[in-house]
Student: 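Mind looking over this structure? Questions follow.
Residue numbers begin at 1 in each chain, while the letters A, B, ... track the order of the sequences. Quick caveat: nothing in here was measured; it's all calculated off a predicted structure.
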Number of protein chains: 2
Amino acid sequence: MSTKRPYTEALARLRAVNLRPTRQRLALAKLLFSGGDRHVTAESLHREAHGKQIRVSLATVYNALHQFTEAGLLRQVAVDATRSYFDTNTRHHHHFFSEDENTLTDIPDETIAVSRLPTPPAGKTIDRVDVVVRVRKSDL
Amino acid sequence: MSTKRPYTEALARLRAVNLRPTRQRLALAKLLFSGGDRHVTAESLHREAHGKQIRVSLATVYNALHQFTEAGLLRQVAVDATRSYFDTNTRHHHHFFSEDENTLTDIPDETIAVSRLPTPPAGKTIDRVDVVVRVRKSDL
DNA sequence: GTGTTTGCAAAGTGTTTGCAATTTA
DNA sequence: TAAATTGCAAACACTTTGCAAACAC
């Protein structure tokens, strides 16, 4: 678990991928990697940081999210045409997407399975398979 | 097949869903529904229309795509955080997404299967399951 | 004629970029 | 102090909206 020593933890992560541990990156890394798995958008992370008195610009949040993604610390998920989501769980897994609340949730890996993968078009290789189970409130 | 009599065909489709067959809507419906299954973005459809001397504004293309989608003639597909894709195939099926060319292709339904669907979070119902098989050029 | 639809231009989102000032090593 | 990073504001790409003119019925 990465709940303890969030500062050291975040610092180590940044060092490991050769990103300078600036005040902003450290703070964001702490928010992202100190709890369990998380799903954030640039906006939501920026808002969260501000709520905790961390001064960081939205542009820097965008930069950090992309740098973290490139470094393999995050994974980008495309579910909504308007916003970009980032997932701290970089292992292979799938998602629930709540269309009411616009929120992502991980699907436990054992509870879903794709069988019979198709042959990709000629000259192409499968990069990855994303399954999004779209859910909404039961009643209405 | 809807290849023949594209005008009558498009007209019938619009009538069926109670959308006034205006010149613009008819022209777009003809482009969309006269061939086989298609995947378009607002931009690509607008460009295509212009190429065929059909005068229609981008705003109208957006309106039409949304009206057609609402009417069940199209289906919206979320694969890319920046653009919205619309699919003329509204049956249940999945997609290849080429990350090199930003293009969608249908996956024949028999060649893919999702087994063991997960139980949705409490109070939620599964609306639909989208599988996107991301592919890229084999070499590099 | 009356209500609908169109096209334009303006406004709105979410995101990226250029660059001077600041910070890190 | 040299190189990297930040924050701001401007630019961007895509999409939506308000409204007068044009159109369908």
Student: So if I take residues 76-87 of chain B and measure heavy-atom distances to DNA chain C, which residues fall below 4.0 Å?
Tutor: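 Under 4.0 Å from DNA chain C: no residue of residues 76-87 of chain B.
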Student: Just how far, in rounded Å, is P of C:dT23 from CG of A:Leu26?
Tutor: 15 Å
Student: Tell me, please, which residues at least two apart from A:Gln67 pass side-chain hydrogen bond (donor to acceptor under 3.5 Å, both in side chains).
Tutor: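 By the side-chain hydrogen bond (donor to acceptor under 3.5 Å, both in side chains) rule, A:Gln67 matches A:Arg25.
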Student: Applying salt bridge (Lys or Arg N to Asp or Glu O under 4.0 Å), can you list everything that pairs with B:Asp130, at least two apart in sequence or on another chain?
Tutor: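 Partners of B:Asp130 by the salt bridge (Lys or Arg N to Asp or Glu O under 4.0 Å) criterion, ordered by chain and then number, come out as A:Arg134, B:Arg75, B:Arg128.
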Student: For A:Arg55, give me all partners under salt bridge (Lys or Arg N to Asp or Glu O under 4.0 Å), at least two apart in sequence or on another chain.
Tutor: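 Listed in chain order: nothing, the list is empty.
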Student: Looking at side-chain heavy atoms only, is the closest gap between A:Asn102 and A:Phe97 below 4.5 Å?
Tutor: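 Answer yes - side chains close enough.
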Student: Given atom CZ of B:Arg23 and atom P of D:dA24, what is their separation to the nearest angstrom?
Tutor: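 To the nearest whole Å, that distance equals 8 Å.
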Student: Calculate the interatomic distance between B:Arg47 atom CZ and D:dA13 atom P; express it in whole Å.
Tutor: 14 Å
Student: Strictly by side-chain hydrogen bond (donor to acceptor under 3.5 Å, both in side chains), give each pair with a member in residues 117-127 of chain B just once, sequence neighbours left out.
Tutor: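 Non-adjacent pairs meeting side-chain hydrogen bond (donor to acceptor under 3.5 Å, both in side chains): A:Ser98-B:Lys124, A:Glu101-B:Lys124, A:Ser138-B:Thr125.
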Student: Could you list the cluster mates of B:Tyr62? Members are the ILVMFWY residues connected by side-chain heavy atoms closer than 4.5 Å, either directly or through other members.
Tutor: B:Leu58
Student: Is the A:His95 ring parallel, tilted or perpendicular to the A:His39 ring (thresholds 30°, 60°)?
Tutor: perpendicular
Student: Given that both pair distances must be under 3.5 Å and the pair must be Watson-Crick or G-U, what runs of three or more consecutive pairs involve DNA chain D?
Tutor: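 Listed by first number, the stems are C:1-25 with D:1-25.
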Student: Which whole-number value in Å describes the distance from B:Leu19 CG to D:dC23 C1'?
Tutor: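 It works out to 16 Å between those atoms.
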Student: Round to the nearest Å and state the distance from B:Leu45 atom CG to D:dC14 atom C1'.
Tutor: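 My rounded result for the distance is 15 Å.
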Student: Heavy-atom contacts under 4.0 Å between residues 54-67 of chain B and DNA chain C, which residues?
Tutor: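 Close to the strand are B:Arg55, B:Val56, B:Ser57, B:Ala59, B:Thr60.
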Student: To the nearest angstrom, how far is A:His46 atom NE2 from D:dC8 atom P?
Tutor: 9 Å
Student: Examine the side chains of B:Ser84 and B:Gln76 and answer whether a donor and an acceptor come within less than 3.5 Å of each other.
Tutor: yes
Student: With sequence neighbours left out, write down each residue that passes side-chain hydrogen bond (donor to acceptor under 3.5 Å, both in side chains) with B:Asp109, or none if nothing qualifies.
Tutor: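 Scan of B:Asp109 (side-chain hydrogen bond (donor to acceptor under 3.5 Å, both in side chains), adjacent residues dropped) gives none.
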Student: Mind checking side-chain hydrogen bond (donor to acceptor under 3.5 Å, both in side chains) for B:His66 and listing every partner two or more places apart, or none if nothing turns up?
Tutor: none
Student: Tell me, do B:Leu73 and B:Leu32 make a side-chain contact under 4.5 Å, heavy atoms counted?
Tutor: no
Student: Provide, to the nearest angstrom, the distance between the CZ atom belonging to B:Arg15 and the P atom belonging to D:dA24.
Tutor: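 Checked: the CZ to P distance equals 12 Å.
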Student: Roughly how many Å is it from CD in A:Gln24 to C1' in C:dT23, rounded to a whole number?
Tutor: 9 Å
Student: Kindly give the atom pairs (protein nitrogen or oxygen, nucleotide nitrogen or oxygen) under 3.5 Å for nucleotides 1-4 of chain D.
Tutor:
residue: D:dA4; atom: O4'; partner: A:Arg20; partner atom: NH1; Å: 3.4
residue: D:dA4; atom: O4'; partner: A:Arg20; partner atom: NH2; Å: 3.4

Student: Applying salt bridge (Lys or Arg N to Asp or Glu O under 4.0 Å), can you list everything that pairs with A:Asp106, at least two apart in sequence or on another chain?
Tutor: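 Listed in chain order: nothing, the list is empty.
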Student: So do A:Ile54 and A:Leu31 actually touch side chain to side chain, heavy atoms under 4.5 Å?
Tutor: yes
